[in-house]
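Note that ligands are numbered from 1 as they come in the structure, with each ligand's atoms numbered from 1 the same way.
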Amino acid sequence: MTGITLAGQARIISVFFMANTILVGGQWGDEGKGRIIDVLAEKSDYVVRYQGGNNAGHEVHIGDAVYVLHLIPSGILHPGKVCVIGNGVVVDPVALVDEIKNLRRQGIRITPQNLVISETAHLVLPYHKLLDAERESRKGAQKIGTTKRGIGPAYGDKAARIGIRVLDLLKTARFREKLRTRIEENNAILRAGGGKPLSFDAVCAECLRAGRFLRPFIRNGVTLLHDAMRQRKNILFEGAQGTLLDIDFGTYPYVTSSHPTAGGACVGSGIPPTCIDRVVGVVKAYTTRVGEGPFPTQYDDELGTEIQKIGDEFGRTTGRGRRCGWFDSVVVRYAQQINGINDLAVTKLDVLDHLSELKICVAYRNGRKAYRTIPMDLDDLRRCKPVYETYKGWQTSTKQVRRYRDLPLNARTYLAAISRHCGAPISIVSVGPRRHETVLVRNSS
Ligand code: IMP
């Protein structure tokens with residue numbers, strides 16, 4: 001099996017090579033990772049979420065059913081896979097209980113045998129959500145555009161060493177004590193900002209109820225995964241959000257508060273870097289961004305609205321419309337470097353089927369200065385203008401295509417250019433939201 005290479009020639013990249021694979025988003029999130037994880041999960045034994053919280057929203061279409069996952073790894077949709085919520089995730093216990101119940105209602109089997117919650121993951125609690133919203137409204141025009149799910153404040157408490165962890169839910173007296181201190185302190189902040197304080201009794205009862213439900217799923221994630229490795233099981237690490245939202249490597253401060261990059265998979269699960277065999281980067285055939293922050297290749301309003309509609313570019317978590325733009329290889333080349341991406345999965349190619357002309361951004365220019373990598377100073381990035389290469393559209397539907405060689409020539413030329421500019425071969429192309437609407441790149445030559 002082969003992938004498309006820089007020169008458009010064959011290179012051995014087995015789509016089915018699994019071992020320990022990390023899947024990362026190569027842009028600003030919403031790359032369609034759920035869709036690709038679903039394809040790769042088939043060959044894995046364990047699927048691990050390693051960062052973020054229920055700010056993420058993966059959507060997987062199987063037949064006519066649509067499953068939306070926020071905290072639970074998409075592997076849950078495959079019978080027989082063990083799904084792990086790793087220590088690097090922040091868990092809203094009430095939201096997780098709802099998610100489990102909703103999936104069960106849709107007929108998905110979820111038991112302590114196929115879902116494990118790492119005991120050292122930190123909790124997202126109601127005051128985190130209120131503080132998230134309060135900080136955003138205080139920032140006014142400077143707001144980040146967070147999902148208001150309390151993610152930043154929860155990671156903030158973790159770093160400040162005042163967080164409450166999943167394992168705390170298991171010891172009622174200790175949990176009550178920790179929660180009381182946190183609620184008292186946060187109520188003072190909320191009152192000072194003119195907000196309504198939280199009732200300790202109500203929050204505590206709600207959390208302990210969720211804790212009782214989750215108890216059988218809570219385990220030591222590190223031991224579990226190391227045992228799995230000893231048994232030579234294949235582990236798939238599923239990142240949420242994307243490289244440009246990484247708190248260190250993204251467009252700070254317009255980022256999330258965790259590490260969606262490949263390094264985050266090790267820290268967020270307890271698996272050492274020496275045990276990782278492959279990194280797959282998922283990128284959309286164009287670019288989208290939700291929330292605030294600079295976006296050099298954003299389309300003009302007309303094309304932006306058109307692609308948003310055709311691509312159904314609305315957040316699964318917040319319903320917000322995503323900004324859309326041309327494919328930016330400066331961004332993805334950077335993601336390739338940071339994550340050590342071995343191969344790319346390109347999603348939503350079909351959304352571009354109708355265009356007569358497409359552009360790929362290959363560099364930025366600010367006056368006389370050219371940039372091949374993304375400037376980290378956002379004032380510089382805001383001033384950058386994209387340098388584009390133009391490609392002919394294919395203007396025919398790709399939705400029915402299942403073999404790479406059956407894609408229209410202009411589509412293959414466009415994909416080869418993406419691969420060349422981003423420095424990684426392409427192993428998977430998706431041409432529709434459904435599980436079977438996937439082109440596994442076997443022989444591109
Ligand atoms: P937070 O993660 O809710 O704190 O939001 C911080 C930034 O990350 C905002 O710009 C969000 O829109 C963005 N963000 C968070 N989760 C996702 C996601 O799953 N997809 C895309 N953007 C996200």
Close N/O pairs between ligand 1 and protein, under 3.5 Å:
residue	atom	partner	partner atom	Å
ligand 1	2 (O)	Asn55	ND2	2.9
ligand 1	2 (O)	Thr256	OG1	2.6
ligand 1	3 (O)	Thr147	N	2.8
ligand 1	3 (O)	Thr147	OG1	2.5
ligand 1	10 (O)	Val290	O	3.4
ligand 1	12 (O)	Gly145	O	3.2
ligand 1	12 (O)	Val290	O	3.3
ligand 1	12 (O)	Arg320	NH2	3.0
ligand 1	16 (N)	Gln241	NE2	3.1
ligand 1	20 (N)	Asp30	OD1	3.0
ligand 1	20 (N)	Asp30	OD2	3.3

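- For the residue pair Arg320/Thr318, the side-chain donor-acceptor check at 3.5 Å is satisfied.
- A salt bridge does not link Asp38 with Arg35: none of the charged nitrogens is closer than 4.0 Å to a carboxylate oxygen.
- Glu185 has no carboxylate O lying under 4.0 Å from a charged side-chain N of Arg180, or vice versa, which leaves the two without a salt bridge.
- When all heavy atoms are compared, the tightest approach of Lys81 to Glu42 is NZ-O, 3.0 Å.
- Pairing each heavy atom of Arg372 with each of Arg333, the nearest pair is O-NH2, 2.9 Å.
- Pairs engaging residues 200-209 under the side chain to side chain donor-acceptor pair (under 3.5 Å) rule: none recorded [sequence neighbours left out].
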